[in-house]
S.K.: 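Here you go, one structure.
Here is how names work: the chains are called A, B, and so on, in the same order as the sequence lines, proteins then strands, and each is numbered from 1.
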2 protein chains.
Amino acid sequence: MKRIPEASIHRLNLYLRTLKELAKNSEDVTVSSKQLAEELGINSHQVRKDLSYFGKFGQRGIGYRTKELADDINKILGLNKKWKICLCGLGNLGSALISYRGFRKEGLNVVAVFEKDKDKIGKTINGIDVFSVERMNRVIREKNIEIGIIAVPADAAKSVASQLIDAGIKAILNFAPIKLSYPQEKVRIRNVDLSIELVNLAQFLANISKKS
Amino acid sequence: MKRIPEASIHRLNLYLRTLKELAKNSEDVTVSSKQLAEELGINSHQVRKDLSYFGKFGQRGIGYRTKELADDINKILGLNKKWKICLCGLGNLGSALISYRGFRKEGLNVVAVFEKDKDKIGKTINGIDVFSVERMNRVIREKNIEIGIIAVPADAAKSVASQLIDAGIKAILNFAPIKLSYPQEKVRIRNVDLSIELVNLAQFLANISKKS
DNA sequence: TTGTGTGAAACTTTTCACAGCC
DNA sequence: GGCTGTGAAAAGTTTCACACAA
């Protein structure tokens, strides 16, 4: 099998989301690469090429069966397994994330929240238990949690990350505005920077005003 | 001048941030492409190549002057202008964003917040006035606001976007989990999806467990 | 006629190799 | 010896063109 472009895999995520929405909102059973492409602002060749890396999913003259293609992509991406996730920090950002539409979707279920504030510990939010930070190691091991989300202030992020890693977590999504990196190959860390997109926009505006 | 890769421009943002941090934390006046690359987990050729598209900034045998290079990149990216920003929605996500470190940084100043909840209107948060949604058009025009951040629930996002566009906003950063797109070339829209990164992590985990 | 699947071409981006300067 | 700047090669990605099927 040939090497598959990284970018193609990322686009599969987008296709999957679009397909799920189409399956819900539209009565059409099938969808063409052109429709799918238009939804995402790309061209149809790209859609077909991306899919062709993994097999033949469509029917000539007709298109793809929406529901079936969604299932196939789910399998390709390995999203048929449900991952257990914990959220660290229940401040504004943490609260926003826990109620974010899409975090409860297939394959992504938050099963524990860790928080320092004693007023919040012991309660539940969206049906999920809020534990004290001290119990992190135990709870993660007991529940077999695999992914941790860090939504604590920047100065606490490093210590929380260490605790997560000690508890054997496999991947971390970090929202704190600080770069986390560990030499270990044990854990995969992704840093999300909410301000970088804003900077990109500012830069885009700067450039169009230069040109005109 | 040759075409400059989109990716290079995005990396300049990262270089800038790293340089600013180095300027603060380290006593060294200079930095080499290798150091810079290591901070970001890329290779030094890339750093030098990216910079070379815009000119010669370093000194052979020595490296780059940290502070000066930061200033140069600032100019290249057009970030020496300060953009005026408004935030729509002061729920959990909006509150998280307004206090996010980095949103107050150079070039990015939020000057107004719009919110539906009457209890919040008329107050200030971080010194920024909270206005009723009805006054959006007027306030944006009066203050010459150029960028809007949408942090309202998905079902309100489209209407808020239309209002922003009517008021003459130039760019929108959308955090609502719904794809916004307008045919007009008048406004640049970027959709941020907080769940896509989590899906990517899940998929990464799925793939390493497949291989082992 | 509509729409997939795919090799080949075109284009973009990254990596390499090394001349040149401190 | 250390480090930049850059043309050229390699690698990666997107677009094109068209055979083929419903």
Side-chain angles (χ1 to χ4, degrees), chain A residues 1-16 18-19 22 26-73 76 200 207, chain B residues 1-16 18-19 22 26 28-73 76-77 200 207:
Chain A
M1 202 203 232
K2 296 167 220 164
R3 243 201 104 287
I4 291 156
E6 185 80 5
S8 292
I9 302 207
H10 277 90
R11 278 192 300 270
L12 286 189
N13 283 310
L14 303 177
Y15 301 158
L16 180 56
T18 309
L19 286 166
L22 285 176
S26 143
E27 294 107 66
D28 295 347
V29 180
T30 59
V31 63
S32 71
S33 57
K34 204 179 158 204
Q35 281 174 274
L36 211 43
E38 270 167 13
E39 288 285 328
L40 294 163
I42 59 177
N43 72 46
S44 64
H45 299 104
Q46 187 117 63
V47 174
R48 294 204 301 280
K49 190 67 164 181
D50 287 341
L51 292 173
S52 80
Y53 288 123
F54 299 95
K56 301 180 187 192
F57 305 99
Q59 281 199 275
R60 302 185 176 192
I62 294 181
Y64 305 90
R65 298 187 145 267
T66 315
K67 188 77 193 63
E68 283 177 22
L69 184 56
D71 289 347
D72 287 335
I73 294 180
I76 293 168
N200 283 170
N207 284 10
Chain B
M1 204 201 230
K2 296 166 219 163
R3 243 200 104 289
I4 291 157
E6 184 81 4
S8 292
I9 301 206
H10 277 91
R11 278 192 300 270
L12 286 188
N13 283 312
L14 303 177
Y15 301 158
L16 180 55
T18 309
L19 286 167
L22 286 175
S26 141
D28 296 347
V29 181
T30 59
V31 62
S32 71
S33 57
K34 204 179 158 204
Q35 281 174 274
L36 211 43
E38 270 167 12
E39 288 285 329
L40 294 163
I42 58 176
N43 71 47
S44 63
H45 299 105
Q46 187 118 63
V47 175
R48 294 204 299 281
K49 191 66 165 184
D50 287 342
L51 292 173
S52 81
Y53 288 122
F54 299 96
K56 300 177 187 192
F57 304 99
Q59 282 199 274
R60 299 184 178 194
I62 294 181
Y64 305 88
R65 299 187 145 267
T66 316
K67 188 77 192 63
E68 283 177 23
L69 184 56
D71 289 346
D72 287 335
I73 295 180
I76 293 167
L77 295 177
N200 283 169
N207 284 9

S.K.: Could you tell me the separation between the NZ atom of B:Lys56 and the C1' atom of C:dC22, rounded to a whole number of Å?
M.R.: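 Distance, rounded to whole Å: 15 Å.
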
S.K.: Measure distances between side-chain N and O atoms of B:Lys34 and base N and O atoms of D:dG2, and say whether any donor-acceptor pair falls under 3.5 Å.
M.R.: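 No, no donor-acceptor pair under 3.5 Å.
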
S.K.: Of all residues at least two apart in sequence or in a different chain, which pass the salt bridge (Lys or Arg N to Asp or Glu O under 4.0 Å) check with B:Lys67?
M.R.: B:Asp71

S.K.: So do the side chains of A:Leu51 and A:Asp72 get within less than 4.5 Å of each other, counting heavy atoms only?
M.R.: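 No; the side chains remain at least 4.5 Å from each other.
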
S.K.: Does the side chain of A:Gln59 come within less than 4.5 Å of A:Thr30's, by heavy atoms?
M.R.: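 Heavy-atom side-chain distance check fails, nothing below 4.5 Å.
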
S.K.: So do A:Tyr64 and A:Arg48 actually touch side chain to side chain, heavy atoms under 4.5 Å?
M.R.: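 Side chain of A:Arg48 against side chain of A:Tyr64, heavy atoms only: contact under 4.5 Å found.
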
S.K.: Answer yes or no: is there a side-chain heavy-atom contact under 4.5 Å between B:Leu22 and B:Asp28?
M.R.: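 Answer no - side chains too far apart.
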
S.K.: Nearest-Å distance, OH (B:Tyr53) to P (C:dT15)?
M.R.: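 To the nearest whole Å, that distance equals 12 Å.
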
S.K.: Check the distance between D:dC3's P and B:Asn43's CG and give it to me in whole angstrom.
M.R.: 16 Å

S.K.: Quick one: which of D:dT14, C:dT4, D:dT6 gets closest to the side chain of B:Ser52?
M.R.: D:dT6

S.K.: Quick one: label B:Ser44 by what it contacts on the DNA or RNA (base, sugar-phosphate, nothing), any heavy atom closer than 4.0 Å.
M.R.: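 Answer is nothing: B:Ser44 stays at 4.0 Å or more from every strand.
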
S.K.: Go through the steps for B:Lys34 and B:Glu38 under the test side-chain contact (heavy atoms from CB on, under 4.5 Å), then give the verdict.
M.R.: CA-CA 6 Å; B:Lys34 204 179 158 204; B:Glu38 270 167 12; 3.8 Å; yes

S.K.: Could you check which of D:dC3, D:dC16, D:dT6 has an atom nearest any side-chain atom of B:Ser32?
M.R.: D:dC3

S.K.: Rounded to whole Å, please give me the gap between NZ in A:Lys49 and C1' in D:dC18.
M.R.: 13 Å

S.K.: If you check the A:Arg48 side chain, which of C:dT13, D:dT4, C:dT4 turns out closest?
M.R.: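 My answer, after comparing the listed nucleotides, is C:dT4.
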
S.K.: Measure from the side-chain heavy atoms of A:Ala7 and tell me the nearest of D:dC3, C:dG3, D:dT13.
M.R.: D:dT13

S.K.: Expressed in angstrom and rounded to an integer, what is the separation of B:Ile4 atom CD1 from C:dT13 atom P?
M.R.: 11 Å

S.K.: Check every strand shown and say whether A:Ser8 touches a base, only sugar-phosphate, or nothing at a heavy-atom separation below 4.0 Å.
M.R.: nothing

S.K.: Nearest whole angstrom, please: distance from the C1' of C:dT14 to the CG of B:Leu40.
M.R.: 16 Å

S.K.: Of A:Glu6 and B:Gln35, whose closest DNA chain D nucleotide lies nearer the 5' terminus?
M.R.: B:Gln35

S.K.: For the pair made of CD in B:Gln46 and C1' in D:dT6, what is the distance, rounded to whole Å?
M.R.: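 So the CD-C1' distance, B:Gln46 to D:dT6, works out to 15 Å.
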
S.K.: Would you say the side chain of B:Glu39 lies within less than 4.5 Å of the side chain of B:Val31, judging by non-hydrogen atoms?
M.R.: no

S.K.: In whole angstrom, give the distance that lies between atom NE2 of A:His45 and atom C1' of D:dA17.
M.R.: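 These atoms are roughly 8 Å apart.
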
S.K.: Is there a residue in residues 58-70 of chain B whose heavy atoms reach under 4.0 Å of DNA chain D, and which residues are they?
M.R.: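 Heavy-atom contacts with DNA chain D come from B:Gly58, B:Gln59, B:Arg60, B:Gly61, B:Ile62, B:Gly63, B:Tyr64.
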
S.K.: Given C:dG3, is OP1 or OP2 found less than 4.0 Å from the side-chain N or O atoms of A:Ser33?
M.R.: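 For C:dG3, OP1/OP2 do not have a side-chain N/O of A:Ser33 under 4.0 Å.
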
